[in-house]
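Lettering of chains follows the sequences in order, A, B, ..., and the numbering in each one begins at 1.
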Amino acid sequence: MKSDTSERSPVLTVALAVIIGVALAGFFVGIRPLPESAPPAAAASESDGAAPQVSVQPAKSYTELWETDRGPNAGGFSDLATLRKNAPEAPGTAPGMEAKLASLEARSDNRAYDGAPPTVPHAIDPRDASSCLTCHGEGVTMAGRTASPIPHPPYANCTQCHAPDGGPRWADEPTSTDNSFVGLAAPTGGPKAHPAAPPQIPHPTRMRSDCGSCHGPYGAPGLRSTHSDDRRSCTQCHAPSAQEDRRDWFDQVEM
Amino acid sequence: MTDWKPLDRREFLRRSAMATATAAAAAHLPAGIARAGTRPTGSPPPDIDGVRWDKAPCRFCGTGCHVQVGTRGGKVVAVAGDEAADVNKGLLCVKGYHVGAILYGKDRLTKPLLRKGGKLRPVSWDEALDVVARRIMAKPDEFAFYGSGQWTIPEGYAAQKFTKGGLSNNHIDPNARLCMASAVTGFISTYGVDEPNGCYQDLDECDVVITWGNNPAEMHPVLFSRIVDRRSRGEDVKLIDIGTRRTRTTEHADHYLRFDPHGDLAIANGIAHLLLENGTWDRDFVEKNCHFRQDEAEPSLKGKPMTFEAYKKALEPYTPDKVEELSGVPADDIRMLGDLFGDPEVKITSLWCMGMNQHTRGTAINRLVHGVHLLSGHFGRPGDNPTSLTGQPSACGTAREVGTLAHALPGGRIVKKKEHREDAERIWNLPAGRVNPKPGHHTVKMWERFCTPTSEGGDVTTLWVQVTNPGHTLPNLHKLFRAKEGLEDKFLIVSDVYPTATTELADLVLPAALWVEKNGMFGNSERRTQQWFRQVMPPGDARDDCWQTIAVARRLYDLGFPGMRDKDGHFLFRVTDDDGREVPVWEWEHYYDVNVDEALFDEYREFSFKKHKHLAPYSEYVKARGLRWPVVEQPDGSWRETGFRFSGFDDPFVSEGKDIEFYHSTTGDGRAQIWFMPHEFPPEMPDDEYPFWLCTGRVLEHWHTGTMTIRVPQLKRSMPTAYVELHRDDALELGVTNGDVVVIESRRGEVEVPVWIDGRGKPPRRYAFVPFFDETKLVNTVTLDAHDPISKQPDYKKCAVRIRKSTGSKA
């Protein structure tokens, strides 16, 4: 033991001290906050049609690393809570007829008629559709696409009514069929008692009881309400129509 | 008796009062539509933004959802679920929401087509009717009628009366033979009378649902939602899926019990064994209400009695371990089922459809499942019943109740019984002896005879098909359908709405009206009779099937065929107006001058009382969202439907003071029969040469042969092709992956389909599932025509096949 200590080289002792010193300095430099002007993480901004600027992802501090999720998908857009914050804000003014018609046309692309359950514009798990509510429960905007929340009570068997449009992914059969069915078009607006009056609901409310699905934050731009962010009691001002809901005649049919 | 409707004074007054309402309704109809019939609500259907809304049941399955139909400019433009409807409570399935588009496929048949020089060429209705009538006139005994559970009640009734009352020939059978026959024999041999005791309310009130070889998530989605949506409302309902492959239903199940084909027979016996062994059977219920029964050497509906001791002894071998060996279901799961049925507190509803019916021991497994419920006393309370589901909109209403089967007469009667024939002759005002006592050919036999040369005993030479597609759905198609090709003296008449695999071989095609293009009535799985009015006109020269039958009958009458007259010399289908004058309903332009459906239904109604399947008059169904029979008039003149048959608290025909009474018992003492049926292996099983099981069935988007649904863009895009589900290890061995085409080959034929691994269903090893809707991939060239000895229903769910990669690469 004694001989071991006496035989240690002074050079080695100095080298160890230097290494420890550098490591400590590096650590404290590392935990220092980044300057305010540092570019945001993973920013690859596009500007005015010019070639996107290539930017380098800045190194993170140790404390940041310590608190950051790591793994193969850590950089993915997986935090729904954050994504929901990205919901577009309500437009200041009403979108106007042109925008409304454009949105209604887009809406009719995956509906046989106004009131038909929309077909699903993306692939789904062929057996288990329980994941639908992950996005369509509250609505989400992700990678440029918007999933609107379901407008009706959460029934458990989504694929009962909503068929995936496009069939199994492997199928390359022709999918067109010659059919001359012309479905009922969606209304373009509700009747108003006078120009400043709130419009009456111009469509049935059956299976469309959550107005926010189309008129709220995740609705199509042309269908957005100017005031859905802060006001959620829609039928306080917008009355459903007994006629549209076909309550007047069908209710006479006795059970 | 010859008049359709002898009016009493009350009826006359009521009708007069309704005339005003009818006129008001007619005023709202689009131009060109004349509608007969009364609408007692007194107000016309609503017209909102130019869209007129009216009611109809859905055209597809046996659930019987109520659809609100929106029409504008003579076309259907929208549909909606009816929120106040008890069946579907506002929901539909993806087929139902798109049912309106089935009318508008571009290739609708709009003209009668007669094969001349090998090609189908347009002819007039006049010529077409003449051809049919002359063929029948020449050889009435060699004529057969083949229909389906899609016949409306009046259509089936007209065909039934035409064949059995007019031609004295009992060769009439529906495709329901391929679909519901074993359920019927199960009900009759257990309770003495057909159709379920329970109703859909069972789904709302049960604690446990057991699906026996059943995938309601896809096949009866609205009913399935009625179960699983209870969970989202916080209710606790357990789902036990007893099946041969994982399906969408399995994904919602608490327990999945995978069994080997025919293992269901062992499982049911295993439950009964445990009930006896554990002493948990319901001694009080059984001693009051049941007998024990077994088959004789020759299987029959009635069988022979057995003692409780003999029953117990017969079940002794079915220990959980033995059942595990026979079915592949772990013994612990059998014990779980035994404990479940042994618990009197829990309410159990069993559901089944084709898995138990398309079974070479279909009658046996139906009897056993009823037996397990009876033995354990899980019977008669809401939520606690064995409930069979049907696949067609009027399999119950038409095929089973009107009895369009080779051996049956309306209202649960059979041609063999003199008393029953006399009833029919009385109601139809026919001379005594007109109805033939010899049962006609059942489906398989009918087609076998039609496809056999006349010189070799093929005694069916003219066959008229209405509302079904046997060239696609018969098993073993080469033998039972394609063999007709080249038989010069055989003549196939097909009434349909689109070209099908059946019209391909037709000698005469008659264009038919579809769904709301005609008046109609259906009867659903829970004994509910529904009515609708014509809401749009059929395209071109397409006409009602019922009119077609009546028009041919009239041709025969004009040609002097004696059978088309009743005993007073009147036309068999004499319909009179309110003033008692005969209306020439055989002329299309006068067919809707009166409501022929009403006339036929109110005549048919007289048949319904014998077996206590009481129907209300037609006018009651006009104002109802369907009524479940027995429907009985109350002292105040209202009509009361029945949810639970044989249960004292609800069924008006149960004797005062009794909880349960089987008042059509085969033993005549108010008791049901608990059958012992042994486990048996299927007639064809996989071997070294054909190592895979093949099962066929449906998918959510398509209905039966897809004739209607494949023409709906949303449905076709969702499911454009049939496929084969394979286990991934089998796919690996075969060297195939998703989309690769394989050849599925049995001893009878082969079919090429693309592979789907981990798709809609997930089969075990050496098991293939192919849906049958795709007319470009006819899987029934492969299936087996072996059938149940009692019900004569074939087994589409199991046969042995081999599979190889197709040399023609991708689909």
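Contact of T250(B) with chain A is not made at all, since no heavy-atom distance falls under 4.5 Å. Both the backbone and the side chain of P164(A) come within less than 4.5 Å of a heavy atom of chain B. Of the two parts of V222(B), the backbone and the side chain both hold a non-hydrogen atom closer than 4.5 Å to a non-hydrogen atom of chain A. For L715(B), no part lies near chain A; criterion is any non-hydrogen pair under 4.5 Å. For L92(B), the part lying under 4.5 angstrom from a heavy atom of chain A is the backbone only.
The two atoms that bring A156(A) and H252(B) nearest to each other are O-CE1, 3.7 Å, heavy atoms only. Taking every heavy atom of both residues into account, R248(B) and P126(A) meet most closely at NE-O, 2.9 Å. Scanning all heavy atoms of the two residues, the minimum distance from S718(B) to A163(A) falls at OG-CB, 3.4 Å. Counting all heavy atoms, side chain and backbone alike, K89(B) lies closest to R206(A) at O-NH2, 3.2 Å. The minimum heavy-atom distance between T159(A) and L700(B), with the atom names listed, is O-CD2, 2.8 Å.
Between the side chains of Q160(A) and S225(B), at least one donor N or O lies within less than 3.5 Å of an accepting N or O.
Between chain A and the options R231(B), E251(B), M719(B), K95(B), heavy-atom pairs under 4.5 Å are most frequent for E251(B). Interface summary for chain A: among K762(B), R72(B), H98(B), R108(B), the most heavy-atom pairs under 4.5 angstrom belong to K762(B). Contact count versus chain A (heavy atoms, under 4.5 Å) is highest, among T737(B), T776(B), I102(B), V755(B), for V755(B). Most heavy-atom pairs under 4.5 Å with chain A, from the set P720(B), G759(B), G105(B), S232(B): that is G759(B). Counting heavy-atom pairs closer than 4.5 Å to chain B, the top-ranked of the candidates A116(A), P168(A), S241(A), A112(A) is P168(A). Of the listed residues (A171(A), P117(A), G115(A)), the one with the most heavy-atom contacts under 4.5 Å to chain B is P117(A).
To the nearest 0.5 Å, atoms CH2 (W170(A)) and CD1 (I757(B)) are separated by 10.5 Å. One distance of note links SG of C93(B) with CG of N157(A); it measures 10.0 Å at 0.5 Å rounding. To the nearest 0.5 Å, the span separating CE on M207(A) from CD on E83(B) amounts to 9.5 Å.
Residues of residues 99-106 of chain A never come closer than 4.5 Å to chain B when only heavy atoms are counted. Within residues 176-197 of chain A, the residues having any heavy atom closer than 4.5 Å to a heavy atom of chain B are S176(A), T177(A), D178(A), N179(A), S180(A), F181(A), V182(A), G183(A), L184(A), listed by residue number.
Every residue two or more places apart in sequence or in another chain was checked for a salt bridge (charged side-chain N to carboxylate O under 4.0 Å, His left out) with D229(B), and none qualifies. With sequence neighbours left out, R233(B) forms a salt bridge (charged side-chain N to carboxylate O under 4.0 Å, His left out) with E235(B).
Within the 3.5 Å criterion, the main-chain N or O of G100(B) finds no donor-acceptor partner in the side chain of Y113(A).
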